[in-house]
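Every number for a ligand or one of its atoms is a count from 1 in the order of the listing.
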Amino acid sequence: MTVWRNWGRSASSSPVRVARPTSVDEVVAVVRAAAEQGLTVKAVGAGHSFTDIAATDGVLIQLDGLQGLLGVDAATKRVRVAAGTRLWNLGPLLAQHGLALQNMGDIDRQSLAGATSTGTHGTGYGFAGLAAQLTAATLVTGSGELLRVDESHRPELLPAVRLGLGALGILVELEVQCVDAFLLRASEHPMPFDEAVDRWDEFSTGSDHFEFYWWPHTEVVMTKSNTRLPADTPHQVPGRVETWVEQQLLSNHALRAVVGLGKAIPALTPPLSRLATRVYGDREWTGASYDVFASPRNVRFRESEYAIPFDALPEALHAVRRMIEQFGRPISFPVEIRSAAPDENWMSTASERQSAYIAVHRYFRDDETPYFREFDTLMRTFEGRPHWGKMHFRTAEDLRPAYPHFDDFLRVRDELDPDRRFTNPYLERVLGA
Ligand SMILES: Cc1cc2nc3c(=O)[nH]c(=O)nc-3n(C[C@H](O)[C@H](O)[C@H](O)COP(=O)(O)OP(=O)(O)OC[C@H]3O[C@@H](n4cnc5c(N)ncnc54)[C@H](O)[C@@H]3O)c2cc1C
């Protein structure tokens, strides 16, 4: 029997079989065969969701066989991409055509379809999440039909299928609105917690891509601002040793030491965290957008993340800090703060709302439930919307009021998947049966 597990080791399942199609026709055949047998079907990307959104005890479709650029329209800067394409492949592929994704999250291991289906986002006051960059999608619906949705064919479905939680069909092709390839100048500086929070609005609106990390039990945050530069801007590429020291030694290895020792002796977490913040200094470097947006994440963790109204961030983060201080157990993983522009996708955490994001993490060997549960309860009081791929405790009943178009999405689900070929327990919880 095959056992599937996600990256965070927080979800697993035992599919009856795993299909590895290498063509769209094969995907159609897999869905039709499952329908004949009365089985459910689930596509899986990189398994980087922390929730069990990709878990299935039916047929699991691994889409690594559907990768690559299928077409490039230089005039409109739109590209057709096979849905299983990994983001780390996509950056260099687009660069060959002088193009880039407009914005990205902080890693690039995900598949394009998996990332967009859960609302993966980066940071930037003026920049929306990945799914907002999609202009068309082709998917296999519950009846095994191939459906293309774009600006001239069924455009009313676009706000649903661009970010469909895997509930509407198996995406086989996506069209992405790209931008000209660009560089990013990254600038990292430590800063007092209060200053970063008090000047949240100023820093976010004054930078293309601003974010910061706060290590619980310390007074310091690490800020990161990325500035967009034309691709031909002269710059020095950091050496391999320098990159290793910064990305691996100072980030991953320092983090591994804090979470590992903190797990063994929890009382060590606050002094270790304070020590860890001291290894961070000022640094600046410039590189291709996809290299700077994404960093390696080698320490396995679990995560919960909520979108809240942008202006609520200072009050909400102070509340999170109080919650952590009163929690009773030290927290060894940093809290991450980002922002995003509103978008039109119905199930986007930034749907029709300028948003701030607060993400909390726990080492995967720690029990995350009590911490995430308190965080979840707190975020509800700030009109929070949970990331679909990150751990939360919400249900369809209490999510409906958080999304203006929740019922519109359910209507599309009824049309494209009336027999619930693509359902699983997670979708039943957040969308209903
Ligand atoms: C280390 C780490 C860092 C992360 N950083 C960020 C970040 O910076 N920003 C952020 O927003 N999120 C982040 N995430 C969350 C991650 O981006 C999302 O959970 C994303 O969905 C993972 O993509 P995936 O390819 O692994 O999809 P999976 O987890 O495999 O699948 C996610 C969903 O997409 C569906 N799906 C996959 N392929 C298809 C398809 N072809 N057709 C239809 N449905 C499909 C699945 O069925 C499932 O419902 C991070 C996660 C990790 C582990």
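In this structure, Arg228 is positioned above the aromatic face of Phe182, its NZ or CZ under 6.0 Å from the six-membered ring centre and within 45° of the axis. Taking the ring centre of Tyr371 as origin, the terminal cationic atom of Arg329 falls outside the region bounded by 6.0 Å and 45° from the ring axis.
Between Trp200 and Phe210, the ring-plane angle classifies as tilted under the 30° and 60° cut-offs.
Counting only residues at least two apart or in different chains, ring pair (Phe, Tyr, Trp, His ring centres under 6.0 Å) contacts with residues 140-179 are absent. Pairs passing the side-chain hydrogen bond (donor to acceptor under 3.5 Å, both in side chains) check and including a residue from residues 26-40, sequence neighbours excluded, read Arg17-Gln37, Thr22-Glu26.
At a heavy-atom cutoff of 4.0 Å, ligand 1 is surrounded by Trp7, Lys42, Ala43, Val44, Gly45, Ala46, Gly47, His48, Ser49, Phe50, Ile53, Ala54, Leu63, Gly105, Asp106, Ile107, Gln110, Ser111, Ala113, Gly114, Ala115, Ser117, Thr118, Thr120, His121, Leu165, Gly166, Gly169, Ile170, Leu171, Arg297, Phe301, Arg338, His387, Gly389, Lys390.
Residues passing the ring-ring contact (aromatic ring centres under 6.0 Å, His included) test with Tyr125, sequence neighbours excluded: Phe310.
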